[in-house]
Amino acid sequence: MDALQHYFKNLKASRTDREKALNYVNEHPENQVILAELAFHSKAQRVHIYAAWVWELFILEDIDRLHSYLHQCISKLPSITNSRKRRSISKIFWYYFRVKSNREALNENEKQKLIEAFLDWVITEDKTAPLSFSIKVLALFQDEAPELSVQLKELLIHSNRTYPKGLNPVLRDVFKN
């Protein structure tokens, strides 16, 4: 067990403990790569979920930190199945891609992987927060991928699926009605 995993072992899920873990990562920058690997690991053990939470704080502290991890993170999106990890990761991507130049920096293959992963999350997810952030990320790419708008309408408006009520503001915002 590496030092970061050992450090996480005794921490609770509280915001205070997550911030302690963030401080630990900031004080020990050699753990940043390990944190990313744990956060984007396909498993959803406690350490991986905790890493995703700390990764969220780490990236949101300076959103440009995601630049050096972006390609690796996009490639691992399809393997993330845990709702708690999806919430943190989709939130990070939404904040990052709100900046148009960050969207424009992606190549077509990366855009396609990103769109496919988040569409899959919309199809398979039932928790409000990861659904909401996933839809918001996809909405950012609607102008660049016109077929995406049709797919979102089919999934979110015209399907028989019942979505959590908390998703309604996002749906109104995305579809402007």
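Numbers here are sequence positions counted from 1.
The CD atom of Q151 sits 8.5 Å away from atom CD1 of I123, with the distance rounded to the nearest 0.5 Å. Taken to the nearest 0.5 Å, the OG atom of S90 stands 9.5 Å off from the CG atom of L77. Separating the NZ atom in K9 from the CG atom in L4 is a distance of 14.0 Å, to the nearest 0.5 Å. Rounded to the nearest 0.5 Å, atoms CZ (F40) and CG (L35) are 9.5 Å apart. For the atom pair OH of Y69 and CD1 of I92, the computed distance is 12.0 Å after rounding to the nearest 0.5 Å. Here the CD atom belonging to Q32 is positioned 7.0 Å from the CG atom belonging to N26, to the nearest 0.5 angstrom.
Residues T128 and V170 have side chains not in contact (no heavy-atom distance under 4.5 Å, counting atoms from C-beta outward). Side chains of E37 and Q72 form a contact here, defined as non-hydrogen atoms less than 4.5 Å apart. Here the side chains of W55 and C73 are in contact, with some heavy-atom distance below 4.5 Å. T124 is listed as a side-chain neighbour of R86, based on a closest heavy-atom distance under 4.5 Å. Side-chain contact between K176 and D173: present, with at least one pair of heavy atoms (C-beta onward) separated by less than 4.5 Å. With contacts defined as side-chain heavy-atom distances shorter than 4.5 Å, the pair V54/Y24 does not qualify. Contact of the L119 side chain with the L152 side chain is registered, since non-hydrogen atoms from C-beta on lie closer than 4.5 Å. Two residues are said to be in side-chain contact when any heavy atoms from C-beta on lie closer than 4.5 Å; N102 and L66 fail this criterion.
With respect to the salt-bridge test (charged N to carboxylate O, under 4.0 angstrom), the residues R18 and E56 do not qualify.
Pairing each heavy atom of A44 with each of I49, the nearest pair is O-CD1, 3.4 Å. Considering all non-hydrogen atoms of both residues, V174 and A139 come closest at CG2-CB, 3.8 Å. Here the closest non-hydrogen pair linking R87 and A129 is CG-CB, 3.5 Å. The shortest non-hydrogen separation linking P78 to S75 is CD-O, 3.5 Å. Here the closest heavy-atom approach between residue L131 and residue P164 is recorded as CD1-CD, 4.1 Å. The two atoms that bring A39 and A51 nearest to each other are N-CB, 3.7 Å, heavy atoms only.
The aromatic rings of H41 and H48 lie parallel to each other, with less than 30° between the two planes, well short of the 60° mark. Aromatic ring pairs are classed by plane angle as parallel below 30°, tilted from 30° to 60° and perpendicular above 60°; the pair F133 and W94 is tilted.
For Y50 (side chain) and Q45 (main-chain N/O), no donor-acceptor pair under 3.5 Å exists by modelled atom type. When atom types are taken as modelled, the side chain of N31 and the backbone of I34 share no donor-acceptor pair closer than 3.5 angstrom. Judged purely by atom type and a 3.5 angstrom limit, E19 has no side-chain atom pairing as donor or acceptor with the backbone of T16.
No path of Ile, Leu, Val, Met, Phe, Trp and Tyr side chains, each step under 4.5 Å between heavy atoms, connects V150 with F175, placing them in separate hydrophobic clusters. In the hydrophobic clustering of this structure, Y95 does not group with V99; members are Ile, Leu, Val, Met, Phe, Trp, Tyr whose side-chain heavy atoms approach within less than 4.5 Å, directly or through other members. There is a path of hydrophobic side-chain contacts, each under 4.5 Å, that joins I74 to I63.
Neither side chain, Q112 nor E108, offers a donor N or O lying under 3.5 Å from an acceptor on the other.
Checked against a 6.0 Å centroid threshold, the rings of F141 and F97 count as neighbours. The aromatic ring centroids of W121 and F93 lie 6.0 Å or more from each other.
The number of heavy-atom neighbours closer than 6.0 Å to NZ of K111, taken from other residues, nucleotides and ligands shown, is above 12. Other residues, nucleotides and ligands place no more than 12 heavy atoms under 6.0 Å from the CZ atom of R15.
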- Pair K113-N109, side-chain contact (heavy atoms from CB on, under 4.5 Å): steps then yes or no: CA-CA 6 Å; K113 283 182 180 180; N109 186 38; 3.9 Å; yes
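With a 6.0 Å cutoff to the six-membered ring centre and a 45° limit on the axis angle, R65 counts as a cation-pi contact of F58.
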